[in-house]
Amino acid sequence: MSLAEFSLIERIRTRTHARADVLLGIGDDAALLQPRAGEQLVVTADTLNSGVHFPAETPPYDIGWKTLAVNLSDLASMGARPAWCTLALSLPDAQTDWIDAFADGFFALADEYGIVLVGGDTTRGPLSLSVTAIGQIVPGTALRRDAARGGDDVWVSGTLGDAAIALRAWQGGTLDVRSVADDAQVDDLRLRLARPTPRVALGRALVGVAHAAVDVSDGLLADLGHICDRSGVGARIDPERLPVSAAARARVGITQAREAALRGGDDYELCFTAAPSQRSAIEALSARLSLPLTRIGTIITGGGIAHGSDDDGPRGYEHFNEL
Ligand code: ADP
Ligand code: MG
């Protein structure tokens with residue numbers, strides 16, 4: 001370990017807090033963690049590569065935020081309580097300003113969601129960030145992809161398509177990921193891409209209420225498709241019910257906004273299925289969390305996702321076999 005590497009790790013270590021379930025954190029060869037008695041561990045890992053998962057010019061604060069957010073989102077979709085994480089950093093050079101801003105974004109989320117950084121690795125190479133996140137859950141209660149049942153309602157949280165619209169605007173040169181946009185709605189879209197909110201409280205609250213859940217990282221059709229495949233069911237989606245934001249509508253119009261909601265990725269909302277008998281509980285949950293929860297369709301027996309007609313003609317429901 002070089003001196004530069006040591007001082008970078010030190011800059012990160014000083015941001016962490018002691019907690020009773022971390023018996024030994026950053027500084028030894030490995031961490032010692034104390035799980036809650038009788039609970040199961042929920043483990044996930046996600047890597048973000050510069051230029052692939054985020055524009056290379058993304059500010060370090062936003063990179064730090066998103067690196068942890070995408071992992072917290074995976075814990076959320078399982079219904080888990082976040083506990084610990086590790087961070088593997090590959091950095092082209094050891095700039096302390098960059099690390100400090102990255103840590104500001106990373107620990108803003110870590111502290112908010114009670115996840116403690118307990119170790120990691122720091123190497124020189126192309127910019128790449130990899131987190132392993134560990135949560136805990138009561139045995140038998142995780143929200144799995146394979147638990148949807150025919151007749152379930154299909155729900156999504158928040159709004160969909162915003163991040164994809166922001167990404168397209170960046171690709172088209174009309175949105176700058178490096179700075180606050182003058183137009184408040186454009187800035188809403190920028191933040192949806194740069195700083196997604198992991199739906200941790202929702203995931204926890206859906207334990208015992210929802211059957212299956214997934215976080216929308218690759219796009220609704222793709223991710224709901226995972227639930228359908230794993231559960232051996234299909235789904236029918238009503239495109240007119242898809243929750244799209246005012247900012248998305250203003251930017252691209254309702255037709256493209258719905259298209260982005262169906263296919264766009266990177267929103268990190270939760271898509272879940274639940275019995276119709278849970279509707280009033282889910283509506284109460286939406287009010288309690290101040291988070292829109294929208295019923296967008298139904299789980300059906302038989303495969304594929306039917307998602308309505310195109311605006312240009314009454315073609316009925318289309319099936320998606322390429323997913
Ligand atoms: P080793 O060579 O034994 O793997 P390292 O020199 O890589 O140890 O790391 C020293 C300590 O710093 C370890 O506890 C490791 O978990 C921690 N660490 C290294 N890089 C990071 C990082 N990016 N974030 C958090 N902890 C880190
Ligand atoms: Mg090491």
Side-chain angles (χ1 to χ4, degrees), residues 1-36 39 41-76 78 80-136 177 194-198 200 217 268:
M1 176 169 64
S2 71
L3 193 60
E5 187 192 339
F6 177 77
S7 73
L8 285 185
I9 296 171
E10 240 345 80
R11 290 187 101 83
I12 292 172
R13 190 189 62 76
T14 56
R15 303 292 192 98
T16 63
H17 310 290
R19 206 170 67 184
D21 60 357
V22 181
L23 306 178
L24 189 58
I26 293 173
D28 211 310
D29 290 312
L32 285 174
L33 309 174
Q34 184 59 60
R36 291 193 185 197
E39 295 203 356
L41 300 181
V42 183
V43 183
T44 184
D46 250 322
T47 298
L48 301 188
N49 293 326
S50 179
V52 179
H53 300 98
F54 56 86
E57 71 238 42
T58 302
Y61 184 101
D62 293 345
I63 297 173
W65 177 289
K66 193 160 182 175
T67 299
L68 187 55
V70 301
N71 282 277
L72 285 169
S73 178
D74 280 325
L75 292 182
M78 300 300 291
R81 182 184 334 100
W84 313 284
C85 63
T86 64
L87 170 64
L89 283 176
S90 165
L91 300 171
D93 41 33
Q95 288 177 356
T96 52
D97 289 359
W98 194 97
I99 279 292
D100 289 347
F102 173 89
D104 287 343
F106 188 95
F107 287 103
L109 268 190
D111 294 344
E112 182 175 347
Y113 292 97
I115 192 163
V116 183
L117 181 66
V118 297
D121 198 21
T122 304
T123 57
R124 191 178 293 268
L127 182 60
S128 173
L129 313 300
S130 184
V131 163
T132 297
I134 305 172
Q136 298 177 85
V177 295
R195 297 184 201 167
T197 303
V200 173
S217 54
Y268 302 98

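Heavy-atom basis, side chains included; hydrogens, waters and symmetry copies ignored. Counting convention: from 1, in listed order, for ligands and their atoms alike.
Nearest residue to atom 21 (C) of ligand 1 from T86, D121, L91 is D121 (criterion: closest heavy atom). In the candidate list T122, V118, T16, T122 is nearest to atom 23 (N) of ligand 1, counting heavy atoms. The option from A31, G119, S130, G25 that lies nearest to atom 25 (C) of ligand 1, judged by heavy atoms, is G119.
At a heavy-atom cutoff of 4.0 Å, ligand 1 is contacted by no atom of L8, backbone or side chain.
Closest approach of V177 to P59, counting heavy atoms only: O-CD, 3.3 Å. Considering all non-hydrogen atoms of both residues, G119 and I26 come closest at N-CG1, 3.6 Å.
Backbone and side-chain nitrogen or oxygen atoms of L87 are examined, and one is located within less than 3.5 angstrom of a nitrogen or oxygen of ligand 1. For a threshold of 3.5 Å applied to N or O pairs, the pair formed by G27 and ligand 1 contains at least one separation below that value. Close N/O approach between G120 and ligand 1 is found [any backbone or side-chain N/O within under 3.5 Å].
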Residues 46-55, side-chain donor-acceptor partners within the protein, below 3.5 Å, at least two apart:
unit_1	atom_1	unit_2	atom_2	d
T47	OG1	S130	OG	3.0
N49	OD1	S128	OG	2.7
H53	ND1	N49	N	2.8

Without placing hydrogens or testing angles, list every side-chain donor-acceptor pair under 3.5 Å for residues 61-68, not counting sequence neighbours.
unit_1	atom_1	unit_2	atom_2	d
D62	OD1	R195	NE	2.5
D62	OD1	R195	NH2	3.0
W65	NE1	R195	O	3.4
W65	NE1	P196	O	2.8
K66	NZ	L193	O	3.0
K66	NZ	D266	OD2	2.9
T67	OG1	I63	O	2.6

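For R15 (side chain) and D100 (main-chain N/O), a donor-acceptor pair under 3.5 Å exists by modelled atom type. Without hydrogens or angle criteria, T122 side chain to L89 main chain gives no donor-acceptor distance under 3.5 Å. Here the side chain of R19 pairs a donor or acceptor atom with the backbone of A83 at under 3.5 angstrom.
Counting atoms of ligand 1 from 1 in the listed order, those under 4.0 Å from a heavy atom of L89 are 23 (N). Shown in contact with D29 at under 4.0 Å from a heavy atom are these atoms of ligand 1, numbered in order with element: 3 (O).
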